[in-house]
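Numbering of residues begins at 1 and proceeds along the displayed sequence.
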Amino acid sequence: MKSMMTALGLMSGTSMDGIDAALIETDGEGQVVMGPSLSLAYSHDERDLLRRALADALPMERRTERPGGLAAAERLVGRRHADLVGDFLRTHALAPDDIDIVGFHGQTVLHRPLLRLTVQIGDGQALADEIGIPVVHDMRAADVAAGGQGAPLVPAYHHALVQAAGLGGPVAVLNLGGVGNVTYLDGAQDPIAFDTGPANALIDDLMLERTGAAMDKDAGYALAGHADEAVLAHLMAHPYFDEKPPKSLDRNAFSREAVASLSTEDAAATLAAFTARSAAASRRWLPRPPALWVVCGGGARNPAILDFLRRETGAGVRTADDVGWSAAMMEAQAFAYLAVRSLKGLPLTFPSSTGVPRRLTGGVLARPLRNRLSA
Ligand SMILES: Nc1ncnc2c1ncn2[C@@H]1O[C@H](COP(=O)(O)OP(=O)(O)OP(=O)(O)O)[C@@H](O)[C@H]1O
Ligand SMILES: CC(=O)N[C@H]1[C@@H]2OC[C@@H](O2)[C@@H](O)[C@@H]1O[C@H](C)C(=O)O
């Protein structure tokens, strides 16, 4: 297998705002060259369908079941990913053969690692057949089956980026999507990583309920409000924060009920502070306090969260864009990188990231029909 590969990563994250596609050239180890990217936003109705799918997934006991609206949601996820790949190829004048591998995350609808159950909808084989490019998918399953948390998966990629940038340790890479997750890196050691708490999901849900908007854009509400310390203390009393890592979260693990009586501005400020305080509280489980926090994911565009994070950590806080990476495309790039690691049989997860008993590879390879016919 050739050393450098061209990989396209596809991520539909827990905030369910849309799908990101990002191209990288990588050897799946220390070399990464970032390429172009493209996003597709889910429409209001599509988000609604996905939100309902999350509710329909709650009684699932086996990962192959598709109760209620899940089968329709899975078809939607597949169709929209294929649309995005088509748009990406057209926009960048590429042919399917220009891409060696696609890394397809799918949409998480249920995550119960203690029950060895994690469900990402999206049919990898159907996608490969549709786009005519080999697809690596189902990247959490092997880890969960082996007793790991199945998340977070991006730490292997954070590790490659921090090593390549020669950033002095200890460094924390904080991903703020729907849920927050931190990767702690210090030299060549395996990454220590876990989910920190909520990131944007509670804020998004609050905005949708109070204003009909999908997010608190540029923290317009949070910056006009004040965080309520009593409510914050109540939110921080959640038992998740006392759990020792490895640990990971379902999107709906936290409730915004505690901010119900606050004005929209104060509620948004309190939830932004909650995201920052719970992320900073992850220091409790790290060997040394990080000197630098690099923030990625949509939360890097929320100035209220960044301000609170500076205050809570007392350390350097920079966005991924500030250090020459991509805050928006980090996860999509990570799934491209992980797809190449999967093809090469390299570990995706580590005892220190998911609690899996030993470093473990993962992912399932789906070859497109035309490759199988010509084989
Ligand atoms: N300009 C902005 N101002 C405030 N918040 C923003 C802005 N842009 C994005 N966000 C927030 O970021 C969220 C999307 O983040 P991201 O794309 O990293 O999430 P994701 O990939 O779905 O999540 P996860 O990492 O949990 O899988 C949006 O739902 C919104 O809350
Ligand atoms: C089960 C699942 O999809 N988890 C997501 C979610 O969103 C953020 C956080 O919770 C993280 O654990 C994970 O995603 C990133 C991409 C990861 O696996 O690293």
Side-chain angles (χ1 to χ4, degrees), residues 13-15 17 152 170-184 193-207 210-211 213-238 240-242 249 251 253-286 289-323 327-328 330:
T14 48
S15 62
D17 55 341
V171 177
V173 183
L174 181 63
N175 170 51
L176 298 177
V179 166
N181 57 287
V182 71
T183 304
Y184 173 89
F194 51 92
D195 286 354
T196 55
N200 297 295
L202 292 181
I203 303 173
D204 289 352
D205 292 350
L206 174 88
M207 286 299 126
R210 303 265 188 114
T211 72
M215 66 170 87
D216 182 13
K217 195 162 184 354
D218 304 333
Y221 281 90
L223 289 175
H226 294 282
D228 185 307
E229 272 303 325
V231 172
L232 253 181
H234 172 79
L235 289 167
M236 286 300 299
H238 193 289
Y240 182 76
F241 304 117
D242 288 326
L249 285 163
R251 182 191 190 276
F254 294 90
S255 150
R256 64 183 191 288
E257 209 180 291
V259 301
S261 62
L262 301 181
S263 68
T264 305
E265 289 80 359
D266 288 355
T270 305
L271 292 178
F274 183 33
T275 295
R277 188 167 292 179
S278 53
S282 65
R283 281 173 306 184
R284 172 177 174 193
W285 306 113
L286 304 176
L292 173 66
W293 292 71
V294 182
V295 184
C296 51
R301 299 177 63 189
N302 182 316
I305 296 179
L306 295 179
D307 285 352
F308 282 122
L309 195 63
R310 285 193 181 95
R311 253 178 273 166
E312 297 283 340
T313 62
V317 173
R318 300 175 73 188
T319 68
D321 295 330
D322 292 339
V323 298
M330 178 74 83

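Under the 3.5 Å distance criterion, the side-chain polar atoms of Arg256 are left unmatched by any main-chain donor or acceptor of Ala267. A donor-acceptor distance shorter than 3.5 angstrom exists from the side chain of Asp228 to the backbone of Ala230, with no hydrogens or angles considered. Under a 3.5 Å cut-off, the side chain of Asn181 and the backbone N or O of Pro152 do not form any donor-acceptor pair. For Ser282 (side chain) and Thr196 (main-chain N/O), no donor-acceptor pair under 3.5 Å exists by modelled atom type.
For the side chain to side chain donor-acceptor pair (under 3.5 Å) test, residues two or more places apart in sequence or in another chain that qualify with Glu229 are Arg277. For Arg283, the salt bridge (Lys or Arg N to Asp or Glu O under 4.0 Å) test picks out no residue, with sequence neighbours left out. Annotation: side chain to side chain contact (heavy atoms under 4.5 Å, CB included) contacts of Ala199 (sequence neighbours excluded): Leu176, Thr275. Taking the side chain to side chain contact (heavy atoms under 4.5 Å, CB included) definition, one finds that Asp266 meets it with His226, Leu262, Ser263, sequence neighbours left out. With sequence neighbours left out, Arg311 forms a salt bridge (Lys or Arg N to Asp or Glu O under 4.0 Å) with no residue at all. By the side chain to side chain donor-acceptor pair (under 3.5 Å) test, Asp17 pairs with Ser15, sequence neighbours left out. For Arg210, the side chain to side chain donor-acceptor pair (under 3.5 Å) partners are Thr264, not counting sequence neighbours. With sequence neighbours excluded, the residues forming a side chain to side chain contact (heavy atoms under 4.5 Å, CB included) with Asp322 are Arg318, Thr319, listed by chain and number. With sequence neighbours excluded, no residue forms a side chain to side chain donor-acceptor pair (under 3.5 Å) with Ser278.
The two residues Ala280 and Thr313 make their nearest non-hydrogen contact at CB-CG2, 3.9 Å. Of all the heavy atoms in Met236 and Ala281, the pair that sits closest is CE-CB, 4.0 Å. Between Leu232 and Thr270, the closest heavy-atom pair is CD2-O, 3.9 Å. Residues Gly197 and Leu249 come closest through the heavy atom pair CA-CD1, 3.5 Å. For the pair Ala269 and Ala227, the tightest heavy-atom approach, listed with the atom from each and the gap, is CB-N, 3.7 Å.
Shown here is His234, whose NE2 atom has no more than 12 heavy atoms of other residues, nucleotides or ligands within 6.0 Å.
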What side-chain donor-acceptor pairs closer than 3.5 Å can you find for residues 292-310, not counting sequence neighbours?
residue: Asn302; atom: OD1; partner: Ala304; partner atom: N; Å: 3.0
residue: Asn302; atom: OD1; partner: Ile305; partner atom: N; Å: 3.0
residue: Arg310; atom: NH2; partner: Val317; partner atom: O; Å: 3.3

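Note that the CZ atom of Phe194 and the OH atom of Tyr184 stand 11.0 Å from one another [nearest 0.5 Å].
Within the 4.5 Å cutoff, no side-chain heavy atoms of Leu235 are placed close to those of Phe254. No side-chain heavy atom of Tyr221 sits less than 4.5 Å from a side-chain heavy atom of Leu206.
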